[in-house]
Amino acid sequence: MSEPEITDLTEAEARAELKRLANVLARANEDYHGKDAPQISDAEYDALKRRNAKIESRFPALKRSDSPSDQVGAKPSETFSKITHAVAMLSLGNAFSDEDVEDFLQRNRKYLGLSDQDPIPVTAEPKIDGLSLSLRYVGGQLEHAATRGDGTTGENVTANARTIDDIPQSLTNAPELLEVRGEVYMSHADFAALNERQAASAGKLFANPRNAAAGSLRQLDAGITRSRPLRFFAYAWGALSEPLADTQSGAIARLSALGFQTNPLTKLCEDAAQLIAHYRDIEARRATLGYDIDGVVYKVDSLALQERLGFRSTTPRWAIAHKFPAELAWTRLEAIDIQVGRTGALSPVARLTPVTVGGVVVSNATLHNEDYIAGQDSKGQTIREGKDIRPGDWVQVYRAGDVIPKISDVDLARRPSGTSPYSFPHRCPQCDSEALREEGDAVRRCTGGLICPAQAVEKLKHFVSRGAFDIEGLGAKQVEQFYTDEWIREPADIFRLRENYESGIRQLRNREGWGDKSAANLFDAIDDKRTIPLARLLFSLGIRHVGEAASNLIAFHYGTWDALIAAVTAAKDLSGPEWDDLNAVDGIGSVMAGSLVTAFSQPAERASVDRLVEQLTVLPAERPAADDSPVAGLTVVFTGTLERMTRAEAKARAEKLGAKVAGSVSAKTDILIAGPGAGSKAKKAADLGVRTVDEQEWLDLIGSA
DNA sequence: TATCCTCGAGTTCC
DNA sequence: CTCGAGGATA
């Protein structure tokens, strides 16, 4: 490459180079968004952008106001299509101690109604530190490969997966439909060799094997992926046309027989002691394995038991990851900054002298809240032996769950003299409003409401975020810019951008990186979201305590926006039939209900919401088409002793079949399932004329296998 | 009233 | 990914 090395640039040269890059990239954007054919390739474009970012990081003071790094409407980097997983790819719960492993087994015994001594065979295998991949085979042929993504939808990386030797293109004697799941990773030796090659060709160095594997798999050019030495271990499956086996270990053996690599350290254990012994064994061999692992995964061996145990909201009950202790590093705490969230929460963030922890450079860490800095946990218990955290201190950093940097210890011997404990601000650093901490709360909150620019912007960011309106091309950065420019002050303004622009009130075109074309794209993306499901709208409003799950419950309960508004308005005194009705919704308590009602009774907030809804079409919430199970849509109550299954299991299974499980009998109850020893509930059911069945009748009714 | 579970809100780095 | 807190349950 003819371009000079960045390290050799003088300041003046760097300034000129940044200007040149800004021009070249701006032209490339125009070409892309306009009708002209692009003059440079994707790869060249990305290389220029990277070069620009590198120079900026070396000379931060020279960063241009129209820096291409901040550009809106730039070429979308995502060009992988999306694939929705037939069976969701979930994450695992974690165990950090031997005791947690015992708890895992005990919890499962309890859920299954087994006695404390009953054996539950469990497999143990190394947890590979790579990225998970789902491979779909139809008729024995590899149909597609998808990354995990958010667990529901991943990226289609089929062409790249086909270049990996460990991934068979076709299978013999496989089920007609088979989704194989496993981990793509890179060995230590291959990682070192790759970085050497990268260095020789002045390419980007990877921080660790996992990043190298991720970067290699997500190449737009499969030819590059082919040149990277990726490997694959199979350890699970998704959709299947027929079972692979009746145990976890049997299924893994079957995957191995089909031609997949499976981990040789997978072992079937009989009890917690064996699991822990195998964990220690794997831990001892960790350094010599030749690839990164970050723990050991335990899975209940019997697939029948796995089926019975089922899932919690995001994790299976029948599996857990036993993590190795986190890597630690010492560094200096340079400063404590305060961030203001959308609810006004003041969050302290540690600014650190950059330090490598577990393969990545960390320069920020969360400090949670006031008490955490002082050395107390949420229950007022002393942590870090009471050592408080002060700017200037040497602190020990680790990455919780190998992700979020946290501070675990302070070296008092190296504390500079003359420091005093950090005093947490009692006023908002952004708007100077009073910041109050409510009795019993861990967080201190800015009371400025929408007066506070930080809260206003964070609320808008939430509004356009993924689970909310999810407007393409309008992310956090753009929202901040639009807010600063006073184009968007409240959600309703987003839906007025087009008219304001077209009527000439606002001029996007004067800003670098925007043309009529990119503006039109943005407005189209906004118009796409003018029709919105009720639950999403509610979630988008960012009402405290009302998140995604609560929004769904509330939306289903009321059905339409008008019904919701009418009821919530009528409940404004936190009493009356509408208030009671809202509190009776399963999963909604007085705090959530109060937050919802209060939000709509503040005149200013209510007016703002009305201005927004005026411009939208709100889709009514419909219960997911209750499957054709005989109990779908019915409200049932369990009482007495259940003999064939535990309470928790019965509840989970009934809910899976579309029934609603309530705690007490009322006129709304459709069926009471009464086991031996049923008391007052059975009597009440009889009084109300509610249909009562015993456990066996219930199982017959739901056609339990 | 204590305990378990789930959700909400906050966070980092690539 | 984690913590804290709300809600349901025993």
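We name chains A, B, ... by the order of the sequence lines, and we start the count at 1 in each one. Because the structure is a prediction, the values reported are computed rather than measured.
The salt bridge (charged side-chain N to carboxylate O under 4.0 Å, His left out) contacts involving residues 539-557 of chain A comprise nothing, where partners must be two or more places apart or lie in separate chains. Among residue pairs with one or both ends in residues 349-370 of chain A, those qualifying as ring-ring contact (aromatic ring centres under 6.0 Å, His included) are A/H368-A/Y372; sequence neighbours excluded.
Residues meeting the salt bridge (Lys or Arg N to Asp or Glu O under 4.0 Å) test with A/R437, sequence neighbours left out: A/E370, A/D371. For A/D337, the salt bridge (Lys or Arg N to Asp or Glu O under 4.0 Å) partners are A/R351, not counting sequence neighbours. Residues meeting the salt bridge (Lys or Arg N to Asp or Glu O under 4.0 Å) test with A/K461, sequence neighbours left out: A/E458, A/E480.
Residue A/N364 places none of its side-chain N or O atoms closer than 4.0 Å to OP1 or OP2 of B/dT11. Side-chain N/O atoms of A/Q339 include none lying less than 4.0 angstrom from OP1 or OP2 on B/dG10. For the pair A/K406 and C/dC3, the criterion of a side-chain N or O lying under 4.0 Å from OP1 or OP2 is met. For A/N208, no side-chain nitrogen or oxygen approaches OP1 or OP2 of B/dC13 to under 4.0 Å. The side chain of A/S347 contributes no N or O atom lying less than 4.0 Å from OP1 or OP2 of B/dG10. For the pair A/R342 and B/dA9, the criterion of a side-chain N or O lying under 4.0 Å from OP1 or OP2 is met. Under 4.0 angstrom from either OP1 or OP2 of B/dC13 there lies at least one side-chain N or O belonging to A/S363.
When heavy atoms are screened at a 4.0 angstrom cut-off, A/V349 is found touching the sugar-phosphate backbone but no base atom.
Taking atom CG on A/N552 and atom P on B/dG8, their separation rounds to 9 Å, with Å as the unit. Rounded to whole Å, the distance from CG on A/D586 to P on C/dT9 is 6 Å. Rounded to whole Å, atom C1' of C/dG4 lies 17 Å from atom CZ of A/R444. Between A/K459 atom NZ and B/dG10 atom P the separation is 11 Å, expressed in whole Å.
Separation of the A/Y291 and A/H188 ring centroids does not fall under the 6.0 Å cut-off.
Closest to the side chain of A/R107, from the set B/dC14, B/dT11, B/dC5, is B/dC5. For A/N369, taking side-chain heavy atoms from C-beta onward, the closest of the listed nucleotides B/dT12, C/dG4, C/dT2 is C/dG4. If you check C/dT2, C/dC3, B/dG10 against the side chain of A/H368, the one that comes closest is C/dC3. With distances taken from any side-chain atom of A/A550 to the nucleotides B/dG8, B/dA9, B/dC13, the minimum falls on B/dG8.
Classified by interplanar angle (parallel below 30°, tilted 30° to 60°, perpendicular above 60°), the ring pair A/F469/A/F463 is parallel.
DNA chain C is contacted by A/I588, A/G589, A/S590, A/V591, A/M592 of residues 588-599 of chain A, taking any non-hydrogen atom closer than 4.0 Å.
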